[in-house]
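Okay, structure first, notes after.
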Amino acid sequence: MNIELILKEAVINAVEKLYKKTPDQKSIQIQQTRKDFEGDFTLVVFPLLRVSKKPPELTANEIGDYLKANIKQICEFNVIKGFLNLSIDKSFWISYLSSVAQKDNFGFIKNKENPKTILIEYSSPNTNKPLHLGHIRNNLLGYSVAKIIASQGDDVKKVNIVNDRGIHICKSMLAWQKWGDSVTPEISGKKGDHLVGDFYVKFDQEYKKEISILIAEGQTEEEAKQKAPLIQEAQEMLRKWEAQDSETISLWKDMNKWVLDGFDVTYKKLGVDFDKIYFESDTYKLGKKLVEEGLEKGALIKKEDGSVWADLTNEGLDQKILLRSDGTSVYMTQDLGTAHQRMTDYNAIEAIYVVGNEQIYHFQVLKIILGKLGFEWSENLHHLSYGMVELPAGKMKSREGTVVDADDLLEGMTATAEEMSRDLGKLDDFSESEKNDIIKTIGLGALKYFILKVDPKKTMTFDPKESIDFNGNTGPFIQYTYARIQSLIRKANDKNVDLPTDLNTKTKISNKELQLIKQIHTYPETLKEAAENYSPAHIANYIYDLVKEFNQFYHDHPIMSEEDKNISGFRLFLSKQVGEIIKSGMGLLGINVPDRM
RNA sequence: GGUCUCGUAGCUCAGUUGGAUAGAGCAAUAGCCUUCUAAGCUAUGGGUCGAAGGUUCGAAUCCUUCCGGGAUCACCA
C-alpha cells in the first residue's frame, strides 16, 4: 500500500470524472512537497491543463476538492500556482511507521519472482604490485553494488579475474632474479605484494637508465625502448613462461603466491570478498575458438595476411583485430573468451564489469562483438566505469612510486581514528580490544564513505596530506549518530521508558518527526534507484540526509524526560527505526556501525 | 582530428524521469554542554549552475555551438 500509487490512481479518477478524459501516465506527476510549503505530496498540474482546458489554479482546486472528498488519507490541500499540495493525515504516517518496524529487512526485496543471476566482476588486480587507492575505489564500488543489487532480490555472484601473466609480471620476476638476492617475504619481513612491487619499480628504474644510455649513443627513443637489454630479457622470459619452462614457471608460482597472499590480507582489511577468482593464466587462451566459430558463421573477417578482424564500421567504430597474423590472440580475444566462460559457469544472463573509465571503448567493442557472435546476453553486459583517483599533483603512477598505497592508507585511517578518539576522550573507559575494533570501524568507515559518496563516474582527487574528515558529511558522523541512538535505547531500557510494540496513531507529532517518517518512507525507492543505477552514492547521500534530519530532531526532542508516555514511546520508536535504516544502508555500502563510540 | 565524459559557493560534493526561491559539508565568524554521547546543534556570509543560443507554461537538468579539464581511438594488457 504505497501512498504515492494510491494518489496517482486517485488523480486519474479525478481527471476522468472532472474532464471526461483519461490522462496518460506521464502527465501524472506526484512528488514530495518541498519543505518551504505546506503539504506532503505535490501534484504538478501543468501537464493536465491540456485535458482540463482551464487555468492552472482552477484545475488544481477542482482536483484538490475531488481528492479530499474521495481519499480518506488526504486531510487538506492548498494550491500555489500550478502546484497542488496535498496533506496526508498524520495518523497515516504513524501507522506507516509501525508497519515499517514489522518488516525484517525494510526496503529489501525477498523471494523475487524471477530472480536473475547477475555476475559482477571487480578488483581484477595485476600480480606485479600492491593495491593502491584506485583499486580501493574499484573494490568498494564492486562490493557495494553487489550488495545493493542483491538487496533487490537478484542473485549476485562476485568474481575477480586476476591478471597474473604477461610482460609486466616478468618485469618483476626478472628484477628479483637480478637484484633480489633470493629475498622472500619471510626473510625481509615485508608483505609479499609490496616486495614484488618494489622489484617492479626497480625494473623500471634500471630500464630507464638503459634507455637513456642508448639514446645518448644516438638511438631514437623508440628504438632504445625496444632494444634495451632488460626489456629483451623480460620478453625472453615471457617466451619461456609460455613454453612452460620449469624454472620460470616455478619462480612465477612463488612470486605470484607472495602477491596473492598479500592481496588476501588487504581484501580482508577492506572487508571485500568474492564468490570466485579466475586467473588469467588459466583463461588467456580462451576466445580463440569463439573467434574461429565467428569466422565460420561469417560474423568476422579474415585478411590476406591471415589476421582476423571484427568490422565495426556499421556501428560507427573501427575494425578491431582479434587474431594476429601469426594466429595469437589479443586482450580482446581473451575477454570474449572469459566473458563466455563465466556466463556459462553461472548460467547468468547479465553481467557488470567494474572497470575504470579508460576502458570504455574496450567494453563498447566487447559488447558489440559478442552480439555479432550471437550471444543474446551481450545486451545485458554493463560497464560500471568509474573515474580515476588523482593526487593533487596529477595521476598516480605505480612505476614511478607516486601512488597512495592501499595498506598504508588503511593503517593511516585507523591511526587518525585513534588520535581523534583520544583527543575527544571518547574511548577512555574501553578495553584495549574494544577500542581497537572501534577505531578500525571508524577509520574504515571514514575512508569507505569518503569514496562511495561520490558519483562513480567523476574523477576524484585525494590529497594524502589532508586527512579524510571525521566531521560533517562523513562516515564517522553517521556512525556517531547510530551510536547515539543505541545509547538512547540502552538508557531507555535502564530507565524503564518503554519501547511500544504498536504506536498510538493519535499521538501528537511535530513537523520534524513527520519529516523523519516521510524520509523513512523513501528508503525503499532509494534502494531501488541505487540498484538500477549501480550507485552507492545514492544511498550514501540518502543516509546523510536522514541522519542530518535525525540530529536536529534529537537536539530538541527530549525522550527520557518527556512525561507523556505516548510521546516518549513514539520518539524512542522513531529513533530505533532511524537506527535500523542507518545500519541497513551503511551495510549496503559495506560500512559497519558501532554500538558505542 | 573523431568518439565519450566531466564543468554547480574559496575547497569537496548533493541536486531523482525537466518543476516552485539551486542545497550540504569543509574552511571563516558568532552562539549552545550541572539535563538522552558537542564526532552534535543553531546563526551569518559566500552562486551570472563554464559561455551563448534554442525547445518549454517552466531548464543546473533536454538540444545545438563554443570554451576548459580528463579518457580513448595498438597486431599492449
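Letters go in sequence order (proteins before strands), and every chain restarts at 1. Quantities reported herein were computed from a predicted structural model and do not represent experimental measurements.
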Between the protein and nucleotides 69-77 of chain B, which nitrogen or oxygen pairs come in under 3.5 angstrom?
unit_1	atom_1	unit_2	atom_2	d
rA71(B)	O2'	Asn357(A)	O	3.4
rC73(B)	O2'	Asp318(A)	OD2	3.4
rC75(B)	O3'	Arg324(A)	NE	3.3
rC75(B)	N4	Asp305(A)	OD2	2.7
rC76(B)	OP2	Arg324(A)	NE	2.7
rC76(B)	OP2	Arg324(A)	NH2	2.2
rA77(B)	OP1	Arg324(A)	NH2	3.4
rA77(B)	OP2	Tyr331(A)	N	3.1
rA77(B)	O3'	Glu280(A)	OE2	3.2
rA77(B)	O2'	Asn163(A)	ND2	3.1

Describe the nucleic acid contact of [X] in one word from base, sugar-phosphate, nothing, applying a heavy-atom distance below 4.0 Å.
X	value
Ala483(A)	base
Thr474(A)	nothing
Asp335(A)	nothing
Tyr544(A)	sugar-phosphate
Val454(A)	sugar-phosphate
Lys457(A)	sugar-phosphate
Leu49(A)	nothing

| Which pairs with one or both residues in residues 538-558 of chain A pass salt bridge (charged side-chain N to carboxylate O under 4.0 Å, His left out), sequence neighbours excluded? |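 Checked against salt bridge (charged side-chain N to carboxylate O under 4.0 Å, His left out) - neighbours excluded - the pairs reaching residues 538-558 of chain A are Lys35(A)-Glu549(A), Lys512(A)-Glu549(A).
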| field | Worked verdict on Lys171(A) versus Asp204(A) for salt bridge (charged side-chain N to carboxylate O under 4.0 Å, His left out) | value | CA-CA 8 Å; Lys171(A) 287 178 180 177; Asp204(A) 199 60; 5.5 Å; no
| query | Counting side-chain heavy atoms from CB outward, which of rC6(B), rA39(B), rA14(B) is closest to Pro476(A)? | reply | rA39(B)
| message | Quick check for you: among rA20(B), rC26(B), rU37(B), whose closest atom lies nearest to any side-chain atom of Lys491(A)? | response |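 Of the candidates, rU37(B) comes closest.
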Kindly give the atom pairs (protein nitrogen or oxygen, nucleotide nitrogen or oxygen) under 3.5 Å for nucleotides 41-47 of chain B.
unit_1	atom_1	unit_2	atom_2	d
rC41(B)	OP1	Lys548(A)	NZ	3.3
rC41(B)	O2'	His555(A)	ND1	3.1
rU42(B)	OP1	Gln552(A)	NE2	3.0

Centres of the [X] and [Y] rings: under 6.0 Å?
X	Y	answer
Tyr122(A)	Tyr353(A)	no
Tyr284(A)	Trp241(A)	yes
Phe363(A)	His382(A)	no
Tyr480(A)	Phe477(A)	no

What interatomic distance, in whole Å, is found between [atom1] of [M] and the corresponding atom of [N]?
N	M	atom1	value
rC49(B)	rG68(B)	C1'	16 Å
rU48(B)	rA43(B)	C1'	27 Å
rA52(B)	rA59(B)	C1'	15 Å
rG15(B)	rC32(B)	P	36 Å
rA14(B)	rG47(B)	C1'	15 Å

Could [X] and [Y] be called an ion pair, given the rule that one side-chain N must be under 4.0 Å from one carboxylate O?
X	Y	result
Lys457(A)	Asp455(A)	yes
Glu4(A)	Lys8(A)	no
Arg571(A)	Glu562(A)	yes

Whole-Å distance between [N] [atom2] and [X] [atom1]?
X	N	atom1	atom2	answer
Phe470(A)	rG25(B)	CZ	C1'	15 Å
Phe573(A)	rC36(B)	CZ	C1'	19 Å
Met560(A)	rC36(B)	CE	P	9 Å
Ile543(A)	rA14(B)	CD1	C1'	14 Å
Asp494(A)	rC36(B)	CG	P	14 Å
Tyr480(A)	rC36(B)	OH	C1'	11 Å
Tyr523(A)	rU16(B)	OH	C1'	17 Å
His383(A)	rU5(B)	NE2	P	13 Å

Return no unless some side-chain N or O of [X] is found under 4.0 Å from OP1 or OP2 of [N].
X	N	answer
Asn533(A)	rU16(B)	no
Ser487(A)	rU37(B)	yes
Lys458(A)	rA14(B)	yes
Arg34(A)	rA22(B)	no

| message | Would the distance check show the side chain of Thr59(A) and the main-chain N or O of Pro55(A) forming a donor-acceptor pair, the cut-off being under 3.5 Å? | response |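 Checking the backbone N and O of Pro55(A) against the side chain of Thr59(A), a donor-acceptor pair under 3.5 Å is found.
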| request: Assign each of Pro456(A) and Tyr554(A) to its nearest nucleotide of RNA chain B by heavy atoms, then name whichever residue's nucleotide is nearer the 5' end. | output: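 Counting from the 5' end, the first nearest nucleotide belongs to Pro456(A).
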| query | Relative to the 5' end of RNA chain B, which residue comes earlier, Pro47(A) or Ile442(A), by the nucleotide with the nearest heavy atom? | reply |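 Nearer the 5' end of the strand: Pro47(A).
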| Out of curiosity, Leu516(A) CG to Asn511(A) CG, how far, rounded to the nearest 0.5 Å? | 11.5 Å
| query | Out of curiosity, Thr33(A) OG1 to Asn78(A) CG, how far, rounded to the nearest 0.5 Å? | reply |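 So the gap between those two atoms works out to 8.0 Å.
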| request: Under 4.0 Å from any atom of RNA chain B, heavy atoms only: list the residues of residues 418-428 of chain A that qualify, in numerical order. | output: Met420(A), Ser421(A), Leu424(A), Lys426(A)
| Worked check of side-chain contact (heavy atoms from CB on, under 4.5 Å) between Leu546(A) and Val578(A) | CA-CA 8 Å; Leu546(A) 179 71; Val578(A) 170; 4.1 Å; yes
| Test side chain to side chain contact (heavy atoms under 4.5 Å, CB included) applied to Leu323(A) and Leu300(A), Val308(A), Thr328(A), the passing residue |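 The side chain to side chain contact (heavy atoms under 4.5 Å, CB included) with Leu323(A) is passed solely by Val308(A) among Leu300(A), Val308(A), Thr328(A).
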| How far apart are the closest heavy atoms of Gln364(A) and Leu317(A), and which atoms are they? |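 That closest heavy-atom pairing would be NE2-CD2, 4.0 Å.
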| said: Wobble G-U and Watson-Crick pairs count when both distances are under 3.5 Å; given that, what is the 5' to 3' dot-bracket string of RNA chain B, with | for pairing to other strands? | reply: (((((((..((((.....[...)))).(((((.......))))).....(((((..]....))))))))))))....
| request: Enter syn or anti for the glycosidic conformation of rC57(B), syn applying to angles within 90° of 0. | output: anti
| request: Identify, with sequence neighbours excluded, every residue that meets side chain to side chain contact (heavy atoms under 4.5 Å, CB included) alongside Asn163(A). | output: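 By the side chain to side chain contact (heavy atoms under 4.5 Å, CB included) rule, Asn163(A) matches Asn126(A), His168(A), Glu280(A).
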